[in-house]
Amino acid sequence: MPSVDVYVSNLADRTVITVVGDLDFDACPQVSAVTDRVGVDDRVLCLDLAGVAFMDASGLGLLQTLNLNAGTHGGHLELSGLQAQPQHVLDLTGTRAQFHLATPRPPGPRDPAAVLPVQHAVP
């Protein structure tokens, strides 16, 4: 069984999906099972990858699929918290420009993310 955790937080203007673990061939079906259930119609889907130290070609394919699906449904995909190795995969494959890379902001006392409970998503 893949060792990846996926968390979903719904905010007023976006849905944040936090992935913790490797984004690889074994884990992608589990992550996809969660992302497939999240509506992206006219919303921002923020994929927080700060907990992903390793990503392979399957992970890249998942990101490209999410990006395409978000655009098709009037939404927008943001990648947040990219670590060195996943960012290197994007650079190495020339796909970095396909994605909007967001700089995560720490939640402040008036930020809804600071008080919103995170739901652990189980496919």
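Nothing fancy with the numbering, it's 1 onward along the sequence.
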Discussion item. Main chain of Phe25, side chain of Asp56: is a donor-acceptor contact present, judged purely on distance under 3.5 Å?
Written reply: yes
Worksheet item: Counting N and O atoms only, with roles assigned by atom type, does the side chain of Thr35 sit under 3.5 Å from a partner on the main chain of Ser32, one being a donor and the other an acceptor?
Response: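 Yes; judged by distance alone, with no hydrogens or angles, the pair exists.
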Worksheet item: Nearest heavy-atom pair of Arg43 and Asn10: which atoms, and what distance?
Response: NH2-OD1, 4.4 Å
Fill in: Val52 versus Pro86, closest heavy-atom pair with distance
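Minimum heavy-atom contact is O-CG, 3.5 Å.
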Distance (rounded to the nearest 0.5 Å) between [X] [atom1] and [Y] [atom2]:
X     : Y     : atom1 : atom2 : answer
Ser80 : Leu47 : OG    : CG    : 9.0 Å
Asp22 : Cys28 : CG    : SG    : 10.5 Å
Asp42 : Asp13 : CG    : CG    : 13.0 Å
Thr93 : His88 : OG1   : NE2   : 9.5 Å

Answer yes or no: is there a side-chain heavy-atom contact under 4.5 Å between [X] and [Y]?
X      : Y     : value
Tyr7   : Val20 : yes
Ile17  : Leu45 : yes
Val8   : Thr15 : yes
Leu101 : Arg96 : yes

Practice prompt. Using the ring pair (Phe, Tyr, Trp, His ring centres under 6.0 Å) rule, collect all pairs that involve residues 49-82, keeping only residues at least two apart or in two chains.
Written response: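 The answer is His76-His100.
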Side-chain polar contacts of residues 59-66 - donor-acceptor pairs under 3.5 angstrom, sequence neighbours left out - could you list them?
from	atom 1	to	atom 2	distance (Å)
Gln64	NE2	Gln98	OE1	3.1
Thr65	OG1	Gly61	O	3.0

Discussion item. Distance alone, cut at 3.5 Å: any donor-acceptor contact between the side chains of Ser58 and Asp24?
Written reply: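 Distance-only check fails for Ser58 and Asp24.
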Discussion item. Please determine whether residues Leu77 and Val44 belong to a single hydrophobic cluster, defined as Ile, Leu, Val, Met, Phe, Trp and Tyr linked transitively by side-chain heavy-atom distances below 4.5 Å.
Written reply: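 No, it is not one cluster - the side chains of Leu77 and Val44 are not joined through contacts under 4.5 Å.
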Discussion item. Considering only residues two or more places apart or on different chains, which pairs with a residue in residues 77-90 satisfy salt bridge (Lys or Arg N to Asp or Glu O under 4.0 Å)?
Written reply: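 Qualifying pairs, neighbours excluded: Arg14-Glu78.
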